[in-house]
Structures are given as C-alpha cells and as structure tokens.
*Asks:* 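Sharing a structure, written as structure tokens. Questions coming.
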Amino acid sequence: MSTATRSLPRTIGAHAILITYTVIALFPVILVVMNSFKSRAGIFGAPLTPPTPKTFDLIGYTTVFGQGDFFHYFQNSLVVTVLSLFFVLLFGAMAAFALSEYRFRGNTLMGLYLALGIMIPIRLGTVAILQLMVATGLVNTLAALILVYTAQGLPLAIFILSEFMKQVSDDLKNAGRIDGLSEYTIFFRLVLPLVRPAMATVAVFTMIPIWNDLWFPLILAPSEQTKTVTLGAQLFLGQFVTNWNAILAALSLAILPVLILYVIFSRQLIRGITSGAVK
Amino acid sequence: MGSLKIENVKKAFGPVEVLKGIDLQVNDGEFVVFVGPSGCGKSTLLRVIAGLEDSTSGRVLIDGADVSVTPPAKRGIAMVFQTYALYPHLTVKNNMALGLKQAGTPAAEIERRIKIASAMLSLEPYLERRPAELSGGQRQRVAIGRAVVREPKLFLFDEPLSNLDAALRVNTRLEIAQLHRRLKATMIYVTHDQVEAMTLADKIVVLNAGRIEQIGSPMELYNAPANEFVAGFIGSPKMNFIDGARLGETAKTIGVRPEHLTVDTKSGAWKGTVVHAEHLGADTNLYLDCEKAGLITVRIFGVYNAEPGATLYATPDAAKTYRFGADGKVLR
Ligand SMILES: Nc1ncnc2c1ncn2[C@@H]1O[C@H](COP(=O)(O)OP(=O)(O)O)[C@@H](O)[C@H]1O
Ligand SMILES: [Mg+2]
C-alpha cells in the first residue's frame with residue numbers, strides 16, 4: 001500500500017463508497033432470503049424487517065420440497081450449467097489457441113467471425129433454433145439447452161482467451177516442441193495452466209446467465225422432465241394467485257449452487273481481473 | 001557427429017522477407033556464433049534450423065541428411081532460450097527428464113545423464129525445486145542442463161545471456177565455453193553482443209538484414225573486415241568512419257579503429273578539441289572533434305589526463321587504416 005491511500009479521510013471515503021455499493025448490490029438478495037423465511041402475512045405486513053418469532057415460517061420451503069420435483073429441477077439446472085460451462089471452456093480454449101498460435105490463411109477473418117456472436121444476441125435466432133431442435137428431435141431434452149448455451153458462451157470465451165494465449169511465451173511452447181511434446185500436450189499441460197485465471201473469469205461470466213436463464217428452458221425444454229430451477233419457480237406464479245413464500249424459497253435455494261461454483265472460481269477470478277495491472 | 005549445412009535458405013513472413021538466401025557450413029565440433037543487430041533474422045534462422053519454423057525455400061542438412069520434413073524433436077538438436085522457457089509445473093529434475101521420457105529413454109539412463117549434467121552445472125542442490133524457486137542464473141543453468149541431457153548433435157543457443165546481469169553474464173559465458181570444450185559438441189549461438197561473439201566463437205557469422213555479411217574467425221573479422229558493416233559491428237568502441245573526400249582520399253570512407261590512433265599535444269595528422277574523456281582505469285576513451293576528420297573516438301591504453309576543451313593531435317596508424325568504396329566493400 002502506498003502512503004497516499006493510507007490517509008484517514010481517503011480510507012473513510014473509499015470504504016463509504018464500497019459499503020454503499022455493497023448494500024445496494026446485496027439489498028435485493030438479502031430481501032429475498034429474509035422474506036423466504038416469513039409467513040405470507042409477514043411478507044406483506046413488513047417486507048423490510050427480518051423474520052421475528054411471530055412472522056418466522058418455513059411454509060415456503062415446505063411447499064417447495066413438497067411440490068414434487070424441485071430437487072429434480074435443481075439437478076437439471078446443474079447438469080445444464082456444468083456441461084455448458086465445460087464445453088464453452090474446452091472449445092473456447094481450443095479455438096483461442098488455434099487462433100493465437102497458428103498462422104493460416106483467414107486467421108484474422110476467422111477470429112472476427114467467431115467474435116461476432118458477442119454483438120448479436122442469440123435470442124434473435126430463437127425461432128430458427130426451435131425449428132432446428134424440432135427437426136432434430138431435441139426438443140424437451142437437456143442436450144438442446146446445452147447446445148444453445150455452448151454456442152452462446154463461445155464468442156466471449158474465444159475473444160478473452162485468445163488475448164491471454166497470445167501472452168504465453170513462444171519460447172515455452174517451442175521448448176515443448178523440441179522435447180517432443182505433441183501440440184495437444186503443449187495445449188493442455190503448458191498453456192492451459194498458465195491461462196487459468198482467464199479461464200476462471202470466462203467461467204463466471206458464462207455460468208451466471210446460463211443458470212439464470214428463463215427464455216430457452218421455457219421455449220426448448222418446458223417438459224416436467226427437463227425443467228430448470230428458474231422455470232420450476234414459475235410454477236408458483238399464478239395468473240390470479242402467486243405463492244410468494246414458495247417463490248422466494250425457490251429463489252433462495254437457487255442462489256446456493258451458483259454461489260458454490262463462484263467460490264470455487266473466485267480466487268482465480270480475482271487474479272484474472274487484476275493480472276497485467278501489477279507485474 | 002554434428003555437422004550442419006544450410007543451402008540458400010529463404011524465409012518470408014507474408015510479404016516481408018526476413019532471410020534472403022543464407023548459405024552456411026558448420027563443421028563437427030565447431031562453436032559458431034551468429035551475430036547481428038536486433039531484428040536481422042538471427043532467431044528466425046535458428047528456428048529454421050531447429051524446425052520450429054519452415055523455410056520458404058532452401059535446404060537444411062544435419063549430418064548430411066535433409067531434415068526439411070523432420071519434426072524438431074527428431075532432429076537431434078537441443079535449444080536454450082533467452083527467456084529460459086522452463087516448464088513451470090515441473091521440478092528441475094523433471095524439466096531435464098521430460099524430453100528423454102518423451103523419447104522413451106530408460107529410467108536408469110535418464111537418471112545417469114541428469115546426474116552428470118547437474119554435476120557439470122552445479123545444480124545438484126536444486127533438483128527437487130521448481131523454476132519459480134530459482135534465481136535467473138540458476139534457471140538458465142537448468143535450461144542448459146535440459147539441453148545437455150539430450151546429448152544432441154547440435155546445441156542451439158538463442159541469446160541465452162541477455163536476461164542475466166553483467167557479472168552473471170561473464171560467469172555463464174565462461175561455463176558455456178567450458179561446456180563446449182568438455183562435450184566437444186557442435187554449438188550454434190545467437191547474440192547481438194559482439195563481445196560474446198568474439199569471446200566464444202571459433203567462427204563468427206555476421207548477419208545484417210537477412211543476409212550474411214561475412215564469415216570468419218574473430219581475428220579475421222577484426223583484422224580483415226569485408227565491408228563497412230562488419231568493420232563497424234566488430235570491435236568496441238566502434239571503428240571511426242571518416243568521409244574520404246574530407247581527407248582528400250579517393251576512397252568513399254576511411255576507417256580507423258579507436259585503438260589504432262595515437263594522440264600528441266604538439267603535432268599530428270588531425271588537430272582536434274577534446275569533447276569528453278572516459279576513464280576506465282585500464283584504458284581511456286577520448287572523444288575528439290577534429291577539423292578534418294569530424295568527431296572521432298581514440299582509445300588510449302592506461303590513464304591519460306585530458307581536459308575537455310584542450311587541443312590534441314590524433315594520428316592514425318597507416319598500416320591499420322581501412323578504405324571502403326562507395327558500395328561499402330573494403331578496397332584493397
Ligand atoms: N512470426 C513472425 N511473424 C512476422 N514477422 C516476424 C515473425 N518472427 C519474426 N518476424 C520478423 O522477422 C524479423 C527478424 O526477427 P528475428 O529473427 O527475431 O530477429 P533477431 O533474432 O535477429 O533479433 C523481425 O523484423 C521480426 O519482426
Ligand atoms: Mg532474437
């Protein structure tokens with residue numbers, strides 16, 4: 001730490017800003033979690049107070065667990081997110097390596113083409129995707145979601161990872177070639193470990209939109225067998241009556257797995273964001 | 001075992017020609033240094049020899065066999081890089097062993113070779129450490145050790161000392177020279193530093209802008225440079241070049257090395273004013289602004305006291321003066 005950032009008014013100022021931001025960012029989450037432990041009357045009577053012995057109620061959670069297949073929805077969400085993440089990272093890293101390592105005709109053009117997806121939202125193609133899934137018989141399968149999310153995540157992954165891979169020392173890769181390592185070994189054993197922070201960054205940015213998505217599960221896989229958590233929670237949103245206890249409980253539960261994945265990646269993530277800033 | 005022949009090798013990156021036709025013969029056991037300014041294509045030539053880069057045209061022969069389609073690992077070469085390029089996740093021992101394991105060498109043999117190499121480079125205490133736990137000099141010795149255990153026909157060094165500090169550079173240079181004497185292996189060494197070239201080489205290849213300017217032993221290059229570029233590149237401080245017309249000579253340029261000039265306070269060929277004096281102890285470099293010759297450098301052995309502004313006369317040693325034509329070639 002430099003002495004300038006240690007002066008008291010600056011410290012207070014910085015902390016005030018950070019604390020304000022944290023409160024604003026966490027407020028909705030805390031509100032959801034807090035109210036999920038309250039009775040219906042408690043939620044509507046005093047939505048901003050924490051549960052008191054009078055308003056404390058686990059009705060939301062018992063409804064969620066009682067209402068059939070919530071565990072199954074969780075499993076679907078987890079399978080879709082983890083597999084999509086795996087494919088995005090694997091194919092994204094491989095494409096990025098090819099683009100940054102090998103000189104071939106159309107390299108730049110290919111890079112641009114692959115990055116184009118960052119600017120064009122995949123939802124614009126929903127109708128065509130649905131027709132495709134119907135034609136291939138993939139409607140109401142998790143595979144449909146995994147394919148779509150992999151396609152959705154790849155452009156940003158390739159864009160970020162190829163920048164990082166360009167920074168991996170040529171000498172190191174060449175040393176591997178002289179020692180007789182195959183291109184695959186060089187990629188998996190030498191290059192991937194060195195871009196791990198970037199991989200974690202990409203993982204977090206890819207994972208959250210997939211976990212939270214409602215659009216594609218609703219359109220491509222709405223069946224009972226393939227419902228994800230976000231879609232499952234809609235069960236309690238009625239046209240006339242909405243079971244707020246259950247919705248809040250379902251949402252609170254939905255935070256957990258993504259939180260766990262985040263903690264796994266976060267140590268790497270922080271290094272990813274700050275890498276290059278400090279030598 | 002370990003001769004190299006390069007026949008008319010050219011290399012272009014897109015429209016940019018980096019190597020413009022290189023012909024070279026390296027004999028078994030020779031220590032050859034490629035020297036030239038940054039960006040002249042030394043590393044590219046080395047990578048073509050190693051097989052890390054395909055040449056656009058021409059042939060590379062190792063021990064008489066064309067290796068144009070042989071992958072780097074099968075060419076019988078080992079390479080040491082400027083940035084060390086050690087595998088960060090492996091210990092020193094495994095860094096050295098990896099290439100041999102890939103080639104299917106028996107474990108006992110690997111063990112034996114690592115033992116010899118690590119003794120040679122005093123690496124025994126560090127065998128179980130990772131590269132991150134070593135100093136720069138130690139890392140470069142590991143990189144050299146990794147090359148030694150392969151027992152290659154041809155060692156390739158790409159500016160191996162550039163990342164080391166001055167004192168370590170001299171030590172490691174000495175180690176490389178001893179290594180060459182002990183292994184009697186063929187070595188090709190790339191550097192932009194003419195001092196390294198002069199001190200290590202049996203044979204120096206001076207490169208400039210993708211072409212070979214001259215090939216010869218250090219003393220041949222020093223005493224009989226073929227052209228202005230080589231004359232200016234070899235020797236430190238750099239040779240003085242004086243416009244021939246100013247001296248009333250027919251040659252385009254006249255060249256005199258700073259050490260082949262003498263100074264006198266009373267009389268001499270070129271009258272000049274002292275601009276600056278550098279005292280190095282063993283010798284003194286004087287910068288003189290001469291009426292006839294312009295700004296020149298004079299190297300005097302031992303201590304010489306001269307105040308800036310003082311008038312001195314410099315006289316070149318006529319037998320060691322070089323004359324260059326308009327094309328830069330030396331006139332005989
Ligand atoms: N992969 C590459 N693509 C395009 N140009 C390159 C590449 N590698 C080297 N060059 C160019 O070739 C020239 C020679 O490079 P190099 O052999 O590394 O020089 P040196 O080692 O003598 O300093 C430089 O001008 C460099 O810009
Ligand atoms: Mg170089």
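A quick note: this is a predicted structure, and the numbers were derived from the prediction, not measured. Quick note on labels: first sequence line is chain A, next is B, and so on, each numbered from 1.
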*Asks:* Side-chain donor-acceptor pair under 3.5 Å between Y126(B) and E133(B), yes or no?
*Replies:*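 Side-chain D/A pair, Y126(B) to E133(B): absent.
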
*Asks:* Is E151(B) salt-bridged to R113(B), cutoff N-O under 4.0 Å?
*Replies:*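 The answer is yes: the pair qualifies as a salt bridge.
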
*Asks:* Hey, is E183(A) close enough to R177(A) for a salt bridge, meaning N to O under 4.0 Å?
*Replies:* yes

*Asks:* So does E175(B) pair up with R173(B), basic N to acidic O under 4.0 Å?
*Replies:*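 No, no charged N to carboxylate O under 4.0 Å.
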
*Asks:* If you draw the axis of the six-membered ring of F164(A), does the NZ or CZ of K166(A) fall within 45° of it and under 6.0 Å from the ring centre?
*Replies:*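 Cation-pi check for K166(A) and F164(A): fails.
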
*Asks:* Can you confirm if the NZ or CZ of R146(B) lies within 45° of the ring axis of Y87(B) and under 6.0 Å from the centre of its six-membered ring?
*Replies:*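 Yes, R146(B) sits over the ring of Y87(B).
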
*Asks:* Given heavy-atom pairs under 4.5 angstrom as the criterion, report whether the side chain, backbone, both or neither of L181(A) touches chain B.
*Replies:*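 Looking at L181(A), backbone and side chain both touch chain B.
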
*Asks:* Heavy-atom distances under 4.5 Å only: say whether P88(B) touches chain A with side chain, backbone, both or neither.
*Replies:* side chain

*Asks:* Under 4.5 Å heavy-atom distance to chain A, tell me which part of R75(B) shows up: side chain, backbone, both or neither.
*Replies:*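 Neither; nothing under 4.5 Å.
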
*Asks:* Between L86(B) and chain A, which part of the residue has a heavy atom less than 4.5 Å away: side chain, backbone, both or neither?
*Replies:*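 The answer is the backbone of L86(B).
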
*Asks:* Among side-chain atoms of S68(B) and D66(B), is any donor-acceptor pair under 3.5 angstrom?
*Replies:* yes

*Asks:* Is R123(A) salt-bridged to D213(A), going by a charged N under 4.0 Å from an acidic O?
*Replies:* yes

*Asks:* Need one label for Y84(B): side chain, backbone, both or neither, based on atoms under 4.5 Å from any heavy atom in chain A.
*Replies:*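 Contact with chain A involves no heavy atom of Y84(B) at all.
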
*Asks:* Tell me the residues of residues 97-122 of chain A whose non-hydrogen atoms fall below 4.5 Å from those of chain B, in number order.
*Replies:*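 R103(A) fall under the 4.5 Å cut-off.
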
